[in-house]
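Have a look at the structure below before the remarks.
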Amino acid sequence: MISMLTSDAGASILADLNEPQRRAVTHRDGPLLVLAGAGSGKTRVITRRAAYLVHTGVPARNILAITFTNKAADEMRRRIETLGVERGMWIHTFHALGARLLREFGSLVRVEPGFTIYDEADQLRVLKEAMDLCSVSPQFHRPEAMQARISQAKNRLESPGDCAERAENFEQRSLARVYEAYKELLEQRNAVDFDDLLTRVAVLLRQHPEITERLNARFRYVLIDEYQDTNHAQYLIARYLSQHHRNICATGDPDQSIYGWRGADIGNILEFERDYPDAVVVRLEQNYRSTPDILRAASKLISANRRRKRKDLWTDNRPGVPVRVWSFAEGRQESKRIAETIAALRGDGRPYSDMAVFYRINAISRELEDALRQRGIPYQIARGVEFYGRKEIKDVLAYLRVLVNPRDEIALLRIINVPARGIGKTTLGRLRRAAEQSEQRLMDVLRRADEVPTLKVTAAVRVRKFVALLDELKNLVKGPVADAVGKVLALSGLEAALKEERESGGEDRLANVQELVTAAAGYDEETEEPTLLDFLQRVALTNEQDAVDESAGCVLLMTLHAAKGLEFPVVFMVGLEQGTLPHERVLADERDIEEERRLCFVGITRAQESLYMTHAQQRLLRGKRVPRCASQFLHELPDDATVWEQFEPPARDAAGESPEAQDGFVPLDDQLPPEEICPPSRRARTRRLAPVEDEPCFSPDDPTGVAATPVTHSPYADWKPGTLVEHEQYGVGQIVWVRPSPGQSRALIRFAGYGEKTFVLEKTPVRRLQRR
DNA sequence: AGCAAGATGCTTTTT
DNA sequence: GCATCTTGCT
């Protein structure tokens, strides 16, 4: 094999690879599945493989590499260039690939080349409009829920017609109608949503074999990363694009599939070998990232999942310290201790950028931020929205969008009175009604505002001025994008309005907008043929996550989802409690629990040297103090790789001051059977770190042992904290604790609208909701 | 037209 | 607890 490589760069392609890695890199033709365990050098394999193909004679332009994030795509591009591969390879995210293909072939599936990409907020607006048209009240159907269901339907490639046919009840029929209207509205505006970028392409490839064949002729090799996260549409695209040569290389790790809730189908990777019976499968099981203890903890945890492929991760890395599992009485204590630990580690010479804190839900970050700020620890939060989500930025972008696509009504409505130019609700309502009645586009009606009979003369004049502004801008925006943005700012009056806001002591939004100009200038510079259209597409498909700077000298805070693909020497995973991880919304479904377990697995496997996993026995959530119990996943970790430490609540003040005043800890209600809040399994090994002044009711040594009574005969024996139940009067609720007892089983149940109530189960009209 | 006080409703979010 | 949207008022 090596003899096939001629250049020095070629030789370096196979340097420092282990045997399975080498097999994956040098595999030539036919389907290949690389099952890459966490930290097993997957990125290295993919990039080397792409480079290897080129060095053995495959022209770069015949290779298509698909990733899920821009960051991954950029990284890959960078690495491949370092390996001396010429340009011409297609390296894109699925969505960018979709956009590129739709620009070229979209008209075959009712998408015209200048189409606009709607982000989630835009989508929601269109959807609300669609619901309005269908007289479906947002009171009864949450638009967000509808959006999710439409998205699901799309990704299954179901048309509104399919949905209507399949509809069995009123609800589903409403959905089909709204979906239809939504689709119609998008088409009228020549706009697509994120899903369309995938599903339209899938439909295109299915309906037009000649195009599929053409693309196959070009893409002789197709590489897909993070295959475990593909949804059905992406799966089809990958299949169609590789159907001729069958040189499909999928890499991924089923144990890291964490986007099932967004339609990703773990089955795609699990059943790859069924789809491609001749597939060569390479397993990368040597981990180069973590200590043996961390790895053992991760492996043991994930082995509880049924829906997976067996994998034996191992490492040659030197032994380190065991995983620390920390129990706190209260959430604030947890944050405080973590901040202290971070400060201490820093004191020992560990840079802040070596450390990261992960949590399941964003709500937990606030407490942490407070604690970090108090200690003066610099941190950075990786959040989704931010820059391009800002109002002023969206305003400017809306101008650009209208210039590119006058049919983009969402953008048009956004800017028509921004800055205020006296075209208010009334005028707008009249214009829209006129458009509807004459079945014209809103833009065309604006052009003929004089002819709208319901409009007052002053209003018509203002509209005319607005149209003139757009026309003028349109003539000016031919050149570089940065210039276009500048002209929009100057001529629209936005700049003046923002200046005034700043002068009058408001926020400096102008600075943000100027940042956009800078971004546009950067784009102009690095792009060969800068166009407004392309710039807007980039903005739509870019996300702030890409801007996370891992070397900024800060501690990084992020959700577990955001952590995927990253690694840190020191990792803290916080808030590991039933109801948070696994999240309460999924407790009823075993399959969903498995995804939560994978999420936990992803978190653990990010850690290189030390890992801290923490939970609290009570925590402020949505403004309420709620009792919590340790995540079941903590109990699934192996004993010989973990050390459990319990931090006692701060002692009660001798003067009798209430504990709330000190650290927010409230002794749990006496009624609570302690064993249900914190299961007893770990007690024997729990080490106390603080002297116990005041025995809390979950004391490890409490011998009263209510739960010691065998309860296996109780019909409620398998009711656990987190179990979902339905009460005749209060609706669906969740068990906080339960104590089975003959004829007298008590449970505390938390209901959505009614708070928490204690019941004697035998005397209460409450039933368990079935597990799927 | 614009603001301010109430009502609501809250996992995760590669694109 | 908070942010976001709606409603009602001026």
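Below, chains carry the letters A, B, ... as their sequence lines are ordered, and counting in each starts from 1. These numbers come from the heavy atoms of this one structure, side chains and all, not from hydrogens, waters or symmetry mates.
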request  = Provide, to the nearest angstrom, the distance between the CG atom belonging to A/Leu599 and the P atom belonging to B/dT14.
outcome  = 13 Å

task = Check whether any side-chain N or O of A/Glu334 sits under 3.5 Å from a backbone N or O of A/Gly575 as a donor-acceptor pair, and report yes or no.
result = yes

P-based separation of C/dC5 from B/dT12 [nearest Å] = 16 Å

request  = Would you kindly give the CG-to-P distance between A/Leu97 and B/dT14, to the nearest whole Å?
outcome  = 20 Å

request  = In whole angstrom, give the distance that lies between atom CD of A/Gln123 and atom C1' of B/dT13.
outcome  = 12 Å

inquiry  = Please determine whether a side-chain nitrogen or oxygen atom of A/Arg622 lies at a distance below 4.0 Å from atom OP1 or OP2 of B/dC10.
reply    = no

First of A/Arg360 and A/Arg262 reached from the 5' end of DNA chain B, by closest nucleotide = A/Arg360

inquiry  = Can you tell me if A/His561 is stacked onto the base of B/dT12, using a 5.5 Å centroid cut-off and an angle below 30°?
reply    = no

message = Whole angstroms only, please: what is the CG-C1' distance between A/Leu127 and C/dC5?
response = 16 Å

B/dC10 OP1/OP2 closer than 4.0 Å to side-chain N/O of A/Arg142 = yes

query = Under the criteria of a ring-centre distance below 5.5 Å and an interplanar angle below 30°, is A/Tyr259 stacked with the base of B/dT13?
reply = no

message = What is the distance, to the nearest angstrom, from the CD1 atom on A/Ile258 to the C1' atom on B/dT13?
response = 10 Å

note = Considering only heavy side-chain atoms of A/Ile361, the closest of B/dT14, B/dT15, B/dT11 is B/dT11

query = Pick from A/Asn70, A/Thr69, A/Leu197: which one makes a side-chain contact (heavy atoms from CB on, under 4.5 Å) with A/His95?
reply = A/Leu197

key: Rounded P spacing from B/dT13 to C/dT4 in Å   = 16 Å

ask   = Just checking A/Asp119: base, sugar-phosphate only, or nothing, at a heavy-atom cut-off of under 4.0 Å?
value = nothing

message = I need the single residue from A/Thr199, A/Asp196, A/Asp195 that forms a side chain to side chain donor-acceptor pair (under 3.5 Å) with A/Lys154. Which is it?
response = A/Asp196

task = Could you check how far NZ of A/Lys624 sits from P of C/dG1, rounded to whole Å?
result = 11 Å

Options B/dT12, B/dT11, B/dG2, nucleotide nearest the side-chain atoms of A/Trp261 = B/dT12

Name of the residue among A/Gln228, A/Arg308, A/Arg598 meeting side chain to side chain donor-acceptor pair (under 3.5 Å) with A/Asp255 = A/Arg308

Proximity to the side chain of A/Phe194 - top-ranked nucleotide from B/dG2, B/dT15, C/dC2 = B/dT15

task = Take the protein atom CG of A/Asp229 and the nucleotide atom P of B/dT15, then report the distance between them rounded to whole Å.
result = 12 Å

remark   = The nucleotide from B/dT14, B/dA1, B/dT11 with an atom nearest the side chain of A/Thr426 is B/dA1

request  = State, without any angle test, whether A/Asn231 and A/Tyr259 hold a side-chain donor-acceptor pair at a distance under 3.5 Å.
outcome  = no

message = Just to be sure I understand the rule, does A/Glu120 reach a base, reach only the sugar-phosphate, or reach nothing, if contact means heavy atoms closer than 4.0 Å?
response = base

query = With a 6.0 Å cut-off on ring centres, are A/Trp261 and A/His583 close enough?
reply = no

query = Has A/Thr559 got a side-chain N or O lying under 4.0 Å from the OP1 or OP2 atom of B/dT13?
reply = yes

ask   = Ignoring hydrogens and angles, are the base of B/dT15 and the side chain of A/His95 linked by a donor-acceptor pair under 3.5 Å?
value = yes

remark   = Per nearest nucleotide of DNA chain C, the residue lying toward the 5' end, A/Lys128 or A/Leu620, is A/Leu620

request  = Let me know, please, whether A/His583 or A/Ala96 comes out on the 5' side of the other along DNA chain B by nearest nucleotide.
outcome  = A/His583

message = Looking at B/dC10, which nucleotide sits across from it as a Watson-Crick or G-U wobble partner, both distances under 3.5 angstrom, or is there none?
response = C/dG1

request  = Look at all strands and tell whether A/Lys564 reaches a base, only sugar-phosphate, or nothing, counting heavy atoms closer than 4.0 Å.
outcome  = nothing

Selection from B/dG2, B/dT11, B/dT14 that lies nearest to any side-chain heavy atom of A/Glu596 = B/dT11

task = Could you walk me through whether A/Asn190 and A/Asn405 pass side chain to side chain donor-acceptor pair (under 3.5 Å), step by step?
result = CA-CA 8 Å; A/Asn190 194 25; A/Asn405 175 15; 4.6 Å; no

inquiry  = So, does A/Asn70 get its side chain near the phosphate of B/dT14, meaning an N or O under 4.0 Å from OP1 or OP2?
reply    = no

ask   = According to a strict under-4.0 Å criterion, is A/Asn362 in side-chain N/O contact with OP1 or OP2 of B/dT12?
value = yes

message = Syn if the chi torsion is within 90° of 0, anti otherwise; quick check, which is B/dT11?
response = syn

ask   = What's the CD-C1' distance between A/Glu367 and C/dG1, to the nearest Å?
value = 12 Å

request  = Identify whether any heavy atom of A/Glu144 sits under 4.0 Å from a base atom; if not, whether one sits that close to sugar-phosphate; answer base, sugar-phosphate or nothing.
outcome  = nothing

